[in-house]
Amino acid sequence: MPRSRGPGAVFKWTLLTPFFALLLFLAPVFLLQLYFSLHSWTIYLTNWWDAEFVWFDMFQDVLTDPRFGWSIARSLAFAAISTLGCFVAGFGLALLMYRPFRGHGIFYAVFILPMLTVPIVIAYTFEMLLYQKGPLNGILSAILGTDVNVIWLSDPRIAVVTTILLEIWNWTPFVFIIMMAGLSALPRELDEAAQNLGASRWRILLEVKLPLLRPVIFLALTLRFLEAIGEFPKTWALFQGGPGTATETIPVYLYLTTWQYFHVSKGAAMSYLVMLLMIGIVLLAIRVLRREKRVLDTLYTAPARP
Amino acid sequence: MKRTTRRRLYAVLRFAVLGVWLLIVAFPMYWVVATSFKPDHEWFAWPPVYWTKTPTLENYLTVWTGLSRVYRTQEALSMQKPWLALQHSLTIALTATALSVALGTLLAYGVSRYRLLSDTRMFNLLMLRMIPPIVVAAPLTLYYAALNLLDSVTGLVIVYVIITLPYSVWMTKSFIDEIPLEVEQAAAILGASRWRTIWEVTVPLARSGVVATFMFVLILTWSEYLLALILTKTEVVTLPVQLAKYEGSSEGRVYGRQAALAVGITIPLVVIGCLIRKHLVRGFSFGMVKR
């Protein structure tokens, strides 16, 4: 490839220009956010430049707000549990599916459907299924032979479970596809060698496949966890943070603060704290993934034949 | 146990588990489709109507054409919009996706051939994208208000391009990486300019990848909800926002209509998803799954 400095360099920068243009376009947003987080402004004050400069009062405000702490705890718990759920279901299904069998294609096509469904559509679909005198309770009643009356949507404790189950339903396909790809990329020879040595399926899974799949597993878990922290459409459409504050995750509380209570400054300060937290998590994730990637590269770049 | 018995048992168990999951996935899907064909009084019926005996197209006609007799006051107000929402959704999603993929391909070309950004830095950028957009949504709204981009198609397109660009770059890059340099060098020797090389050699060779990326990004922009909700008010509506607004009408819940709307929104994605099934992994495995 031409790597000369003259016209090549110009060409190179032409390719990058749009990228910088977008960054430049976005820059004022971050400055605005800084401004708001250091001033006290709500939408009731007409001009944002009239806002009073309050130093770090907004941050103090956020940090002493128990709802904020709870929303973080809730988001982390929600993300952790739903990630685990997606993983167990997705990996389990992938283990049952990665060797083709009759009807394989149909199962595969149906299994990935939830991921292709618009989240907001999922929210409304489940609203149609989950109300108290609704079809799901109807079916459960029929199966169990008793009157099942689970209050899926308006009991605070159950609502939390509902959000988690929805997230699992929505995103199990993601883990499923990644693990399918991971499993079918595994070298067959190892599997066969272990089998010839008399290892059971179970031991092969634990001692051969799992270690080899570790990078892929980390990837699936990390991406799912990060995405789950930002989950908004389903939780919002079904619960708006309620009943009470049971489903008030970080995005929901941020949305409420800024667009329902119109406390833009507090929201901005909150955003900064959330951003810090997320950057922390992302940096950690990057380190872990980078290490795993290196393992992966050494594993697969080993010469195929002696 | 004999080996064959065990194997047969495993096969049976496997089908049982897969069958149960199939039901878990398919039933909600079935329910929303079924509801979309039900007349009013069956939406809430108890015991639930699992299979309607009086299917009707009224919900679809009402929601997607406005031709129905059921044109009552309150509902009518929120029903004005579906056509507009469809039109806006199509415009916004297609434009944003096209721009995102075009820019993404150029950037990916630069990253792949000139090492404009190291792979590491690209990866970090991609991961930073995982920070939920809600954290910048508030200042973005005010910024947009100042620029007069609030409630406009252009505004949403710009935001969507920005948030999907990392995916476009990363996905197309993995396809461009696979094209041998020699092909491009040959074109250069024959006297093709750089742009012509990209346009007439690289892009056609990476075609399947570019198409897959396009579809993938289209899925993202078509279903985006949060930013559309925040950055639009009345002039511009997208389908997900429209679906959410439908609930707000004082008629109470109108499940049949919502279902008809929901089915319409989902079908394109299901079709696209099935078409690019094989490429889906590339969209979100970021090179961590070797093939």
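All values below come from the heavy atoms of this structure, side chains included, with hydrogens, waters and symmetry mates left out. Sequence lines set the chain letters: A, B, ... in the order given, protein chains first and strands last, and positions in each chain run from 1. Since this is a predicted model, take the numbers as computed values, not measurements.
The shortest side-chain heavy-atom distance between A:Gln33 and B:Leu140 does not fall under the 4.5 Å cut-off. Side-chain contact between A:Pro135 and B:Trp31 is present, with at least one heavy-atom pair separated by less than 4.5 Å. For the pair B:Leu280/A:Met115, a side-chain contact is recorded, criterion being any heavy-atom separation below 4.5 Å from C-beta on. In this structure, B:Phe15 and A:Leu96 have side chains that are not in contact, with every pair of non-hydrogen atoms separated by 4.5 Å or more. Within the 4.5 Å cutoff, the side chain of B:Met127 has heavy atoms near those of the A:Leu226 side chain. For the pair B:Val136/A:Met275, a side-chain contact is recorded, criterion being any heavy-atom separation below 4.5 Å from C-beta on. Looking at A:Tyr35 and B:Leu142, their side chains never come closer than 4.5 Å, going by heavy atoms from C-beta outward.
Legend: residues meeting salt bridge (Lys or Arg N to Asp or Glu O under 4.0 Å) with A:Arg99, ordered by chain and number and at least two apart, are A:Asp191.
For the atom pair B:Lys278 NZ and A:Ile177 CD1, the distance stands at 12.5 Å (nearest 0.5 Å). In this structure, the separation between CG on A:Leu129 and CZ on B:Phe27 is 6.0 Å, given to the nearest 0.5 Å. Interatomic distance, CG of A:Leu22 versus CG of B:Leu103, reported as 6.5 Å (0.5 Å rounding). Going from atom CG of A:Leu283 over to atom CG of B:Leu128 covers 7.0 Å, rounded to the nearest 0.5 Å. In this structure, the separation between CD1 on A:Ile120 and CD on B:Gln258 is 10.0 Å, given to the nearest 0.5 Å. Separating the CZ atom in B:Arg14 from the CZ atom in A:Phe101 is a distance of 5.0 Å, to the nearest 0.5 Å.
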Q | CA sep, side-chain torsions, deciding dist, call: A:Tyr255, B:Ile230, side-chain contact (heavy atoms from CB on, under 4.5 Å) | A | CA-CA 9 Å; A:Tyr255 184 86; B:Ile230 288 169; 3.8 Å; yes
Q: Just do the side-chain contact (heavy atoms from CB on, under 4.5 Å) check on B:Trp21 and A:Phe107 with the steps written out, would you?
A: CA-CA 9 Å; B:Trp21 192 262; A:Phe107 281 111; over 6 Å; no
Q. Does the pair A:Leu16 and B:Leu107 meet the rule for a side-chain contact (heavy atoms from CB on, under 4.5 Å), with working shown?
A. CA-CA 6 Å; A:Leu16 265 185; B:Leu107 271 171; 3.5 Å; yes
Q | A:Phe111 and B:Ile24: CA distance, side-chain angles, deciding distance, side-chain contact (heavy atoms from CB on, under 4.5 Å) verdict | A | CA-CA 10 Å; A:Phe111 285 174; B:Ile24 293 178; over 6 Å; no
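Residue with the most contacts toward chain A among B:Thr141, B:Ile272, B:Thr266: B:Thr266 (heavy-atom pairs, distance under 4.5 Å). Chosen from A:Thr14, A:Leu277, A:Ile250, A:Ile139, the residue pairing most often with chain B at heavy-atom distances under 4.5 Å is A:Ile139. The candidate from A:Leu31, A:Leu213, A:Ile281, A:Leu26 with the greatest count of non-hydrogen atom pairs under 4.5 Å with chain B is A:Leu26. Among A:Thr172, A:Thr222, A:Asn137, A:Leu136, the residue making the largest number of heavy-atom pairs under 4.5 Å with chain B is A:Thr172. Comparing A:Ile286, A:Ile279, A:Leu23, A:Ile229 by heavy-atom pairs within less than 4.5 Å of chain B, the highest count is held by A:Ile286. The most heavy-atom pairs under 4.5 Å with chain B, out of A:Ala142, A:Gly230, A:Pro28, come from A:Pro28. Note: A:Thr117 leads A:Thr117, A:Ile122, A:Val274 in heavy-atom pairs under 4.5 Å with chain B.
Between B:Tyr255 and A:Tyr131, the angle of the ring planes lies from 30° to 60°, which puts this pair in the tilted group.
There is no contact between A:Met270 and chain B, counting heavy-atom distances below 4.5 Å. If you measure heavy-atom distances from B:Leu165 to chain A, the contacts under 4.5 Å come from the side chain alone. Both the backbone and the side chain of A:Leu113 come within less than 4.5 Å of a heavy atom in chain B. With a 4.5 angstrom heavy-atom cutoff, B:Leu125 touches chain A only via side-chain atoms. Interface remark: B:Leu13 contributes no atoms to any contact with chain A (heavy atom separation under 4.5 Å). Residue A:Leu95 touches chain B through its backbone alone, counting heavy-atom pairs closer than 4.5 Å. Proximity to chain B (any heavy atom under 4.5 Å) is shown, for A:Ala123, by neither the backbone nor the side chain. In this structure, chain A has heavy atoms under 4.5 Å from both the backbone and the side chain of B:Leu18. Both the backbone and the side chain of B:Leu106 come within contact range of chain A, judged by heavy atoms closer than 4.5 Å. Heavy atoms closer than 4.5 Å to chain A are found nowhere in B:Ala11, neither backbone nor side chain. For A:Leu289, the parts lying near chain B are the backbone and the side chain together; criterion is any non-hydrogen pair under 4.5 Å. With a 4.5 angstrom heavy-atom cutoff, B:Leu229 touches chain A only via side-chain atoms. If you measure heavy-atom distances from A:Ala109 to chain B, the contacts under 4.5 Å come from both the backbone and the side chain. Using a 4.5 Å cut-off between heavy atoms, B:Val270 contacts chain A through both its backbone and its side chain. Only the side chain of A:Phe126 comes within less than 4.5 Å of a heavy atom in chain B; its backbone stays farther off. With a 4.5 Å cut-off on non-hydrogen atoms, B:Val161 touches chain A through its side chain but not through its backbone. Contacts between A:Arg201 and chain B at a heavy-atom distance below 4.5 Å involve the side chain alone, from C-beta outward. Using a 4.5 Å cut-off between heavy atoms, B:Leu261 makes no contact with chain A at all.
For A:Phe25 and B:Tyr143, the gap between ring centers is short of 6.0 Å.
Heavy-atom minimum distance, B:Ala138 versus A:Trp259: N-CH2, 3.4 Å. The nearest pair of heavy atoms linking B:Ile134 to A:Pro251 is CD1-O, 3.5 Å. Nearest heavy atoms, B:Pro139 versus A:Leu32: O-CD1, 3.5 Å. The minimum heavy-atom distance linking A:Met128 with B:Ala259 is given by the pair CE-N, 3.7 Å. The heavy-atom pair separating A:Val118 from B:Ser223 by the smallest distance is CG1-CB, 3.4 Å. Nearest heavy-atom pair, B:Cys274 versus A:Leu116, reported as atom, atom and distance to 0.1 Å: N-CD1, 4.3 Å.
More than 12 non-hydrogen atoms from other residues, nucleotides or ligands lie less than 6.0 angstrom from CG of B:Leu147.
Under the side chain to side chain donor-acceptor pair (under 3.5 Å) criterion, the residue pairs touching residues 121-133 of chain B are A:Arg290-B:Asn124, with sequence neighbours excluded.
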